[in-house]
Amino acid sequence: MAKSLPDIEESWQVALREEFEAEYFENLKQFLREEVRQHTVYPPGKLIFSAFNLTPLTAVRVVILGQDPYHGAGQAQGLAFSVPDGIRIPPSLQNIYKELHDDLGIPIPATGNLEKWARQGVMLLNATLTVRASQAGSHQGKGWERFTDEVIRTISDLRAGIVFLLWGRFAQEKETLIDTSKHFVLKAAHPSPFSAHKGFFGCRHFSKTNAILRANGMGEIDWNPVGPIQIPGSGEEKTTR
């Protein structure tokens, strides 16, 4: 009997079909079914693959790697570092916004929702896509890392000229999955309050990313998380939410 595939955007469904049909992924699904029966799991099921549904494989221009979803109520929405509108902005994202302001002069937003980035081709990928409520790292080592490593390899293999932003040691260890002969890798300390002062502040990754994209004819990212998306060169605006 054919195995059911996740509700995920078509280009990802095609590219990752072997992963979805693999035994480890079936075991991961069984683990999650048991977790949901016994515990509260974040993000809600319909949001687990938000990074994929908002950023098709064919649209990826930038990849930002995180580690785990937020484990507090209402925080996780399937996008690394992002929280829904109305949720208090977490400390790491506050530091991302500080660097964004220092780098590009963008005002500090009142929302932590990064959907606008995702809709422009910024893949906000966590290594682990689910977590048990109030238990950080509780779904590590269950199969998600194998899956998301393959996601990184797939982007590396099937696309070219992508900018990978690797913040912190955990993300930087993923560089081995990236073909650096055809992609761009920018590294800095993690934006956490414990490490942001060790090289995240002042990294200027947002302006550097746009310079790379512009030089390669891929169009700049509008890094302001609020307001409509500016479509480069068209004078048009596209509402994000």
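Please read all numbers here as calculations on a predicted model, not as lab measurements.
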Discussion item. Please evaluate residues I64 and L125 with respect to the criterion side-chain contact (heavy atoms from CB on, under 4.5 Å), reporting the C-alpha separation (whole Å), side-chain torsions for both, the decisive distance (0.1 Å), and the verdict.
Written reply: CA-CA 6 Å; I64 298 178; L125 180 66; over 6 Å; no
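- At a cut-off of 3.5 Å, with distance as the only test, no side-chain donor of D179 or S156 sits close to an acceptor on the other residue.
- Counting non-hydrogen atoms of neighbouring residues, nucleotides and ligands closer than 6.0 angstrom, the CG atom of D7 reaches no more than 12 such neighbours.
- A side-chain donor from one of Q140 and D68 sits under 3.5 Å from a side-chain acceptor of the other.
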Only pairs under 3.5 Å count here: list side-chain donor-acceptor contacts from residues 186-193, not counting sequence neighbours, and write none if there are none.
residue, atom, partner, partner atom, Å
K187, NZ, E175, OE1, 3.0
H190, ND1, S192, N, 2.9
S192, OG, F194, N, 3.1

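- Distance alone, capped at 3.5 Å, is enough to place a donor-acceptor pair between the S138 side chain and the Q135 backbone.
- Going from atom CG of L166 over to atom CD1 of I152 covers 8.0 Å, rounded to the nearest 0.5 Å.
- When atom types are taken as modelled, the side chain of S11 and the backbone of P56 share no donor-acceptor pair closer than 3.5 angstrom.
- Cluster partners of F170, using a side-chain heavy-atom cutoff of under 4.5 Å among ILVMFWY residues and allowing indirect links: none.
- Of all non-hydrogen atoms in T148 and A127, the two that sit nearest each other are OG1-O, 2.7 Å.
- Looking at Y42 and Q77, their side chains never bring a donor and an acceptor atom within 3.5 Å of each other.
- The two residues A51 and L124 come nearest to each other via the heavy atoms CB-O, 3.5 Å.
- Note on F49: it clusters hydrophobically with L158, by side-chain heavy-atom contacts below 4.5 Å among ILVMFWY residues.
- For the residue pair L114 and S82, the shortest heavy atom distance occurs at N-OG, 2.8 Å.
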Discussion item. The test is side-chain contact (heavy atoms from CB on, under 4.5 Å); show your working for L79 and L54 and say whether it passes.
Written reply: CA-CA 9 Å; L79 302 173; L54 291 174; 4.0 Å; yes
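- A distance-only check finds a donor-acceptor pair linking the side chain of N216 to the backbone of I212 [under 3.5 Å].
- With rounding to the nearest 0.5 angstrom, the NZ atom of K98 is 11.0 Å from the CZ atom of F200.
- The line from CZ of R61 to CG of N210 is 8.0 Å long, rounded to the nearest 0.5 Å.
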Practice prompt. Check step by step if side-chain contact (heavy atoms from CB on, under 4.5 Å) holds for F206 and I106.
Written response: CA-CA 11 Å; F206 304 103; I106 292 174; over 6 Å; no
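- For the pair Q172 and L65, the minimum side-chain heavy-atom distance is 4.5 Å or more.
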Worksheet item: Do H183 and F164 pass the ring pair (Phe, Tyr, Trp, His ring centres under 6.0 Å) test, and can you show the C-alpha distance, the side-chain angles, and the key distance before you say yes or no?
Response: CA-CA 8 Å; H183 299 288; F164 289 83; 5.6 Å; yes
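- Judged as a ring-ring contact (aromatic ring centres under 6.0 Å, His included), and not counting sequence neighbours, F201 has no contacts.
- Looking at residues two or more places apart in sequence or on another chain, you find a ring-ring contact (aromatic ring centres under 6.0 Å, His included) between W12 and F52.
- Here the shortest heavy-atom pairing between P43 and L129 reads CD-O, 3.3 Å.
- The shortest heavy-atom contact between C203 and G199 is CB-O, 3.6 Å.
- Partners of R132 by salt bridge (charged side-chain N to carboxylate O under 4.0 Å, His left out), not counting sequence neighbours, listed by chain and number: E35.
- More than 12 heavy atoms of other residues, nucleotides or ligands sit less than 6.0 Å from atom CD of Q38.
- N113 places no side-chain N or O within donor-acceptor distance of the main-chain N or O of P84, the cut-off being under 3.5 Å.
- Two different hydrophobic clusters hold Y70 and V36 under the rule that ILVMFWY side chains link at heavy-atom gaps under 4.5 Å.
- Ring pair F31/H139 is perpendicular by interplanar angle, where above 60° counts as perpendicular and below 30° as parallel.
- In the hydrophobic clustering of ILVMFWY residues, with side-chain heavy atoms under 4.5 Å counting as a link, F20 and V14 come out apart.
- Under the 4.5 Å side-chain heavy-atom criterion for Ile, Leu, Val, Met, Phe, Trp and Tyr, V41 and L47 are members of distinct hydrophobic clusters.
- Ring-centre distance between F25 and F147: below the 6.0 Å cut-off.
- Looking at heavy atoms from C-beta onward, D103 lies out of side-chain contact with L100 at the 4.5 angstrom threshold.
- Between the side chain of E99 and the backbone N or O of R204, at least one donor-acceptor pair lies under 3.5 Å.
- The salt bridge (Lys or Arg N to Asp or Glu O under 4.0 Å) contacts involving residues 139-151 comprise D149-K174, E150-R153, where partners must be two or more places apart or lie in separate chains.
- With rounding to the nearest 0.5 Å, the separation of CD1 in I229 from CG in N224 is 11.5 Å.
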Item to complete: Go through the steps for K182 and R159 under the test side-chain contact (heavy atoms from CB on, under 4.5 Å), then give the verdict.
Response: CA-CA 9 Å; K182 65 172 183 172; R159 299 295 311 282; over 6 Å; no
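- V122 places none of its side-chain heavy atoms less than 4.5 Å from the side chain of T55.
- F81 has its ring centre no less than 6.0 Å from the ring centre of W117.
- In this structure, E34 places its CD atom where more than 12 heavy-atom neighbours from other residues, nucleotides or ligands lie under 6.0 Å away.
- The hydrophobic clustering, which links ILVMFWY residues whose side-chain heavy atoms are closer than 4.5 Å, places V63 and W144 together.
- A donor-acceptor contact closer than 3.5 angstrom links the side chains of Q30 and R33.
- In this structure, the separation between CD on E173 and CG on L177 is 10.5 Å, given to the nearest 0.5 Å.
- Of the possible polar contacts, one joining the Q75 side chain to the G72 backbone as a donor-acceptor pair under 3.5 Å is found.
- Side-chain contact check for N126 and T128: no donor-acceptor pair (N or O, by modelled atom type) lies under 3.5 Å.
- The CG atom of L57 sits 6.5 Å away from the CD1 atom of I155 when rounded to the nearest 0.5 Å.
- In terms of heavy atoms, Q120 sits closest to I221 at O-CD1, 3.7 Å.
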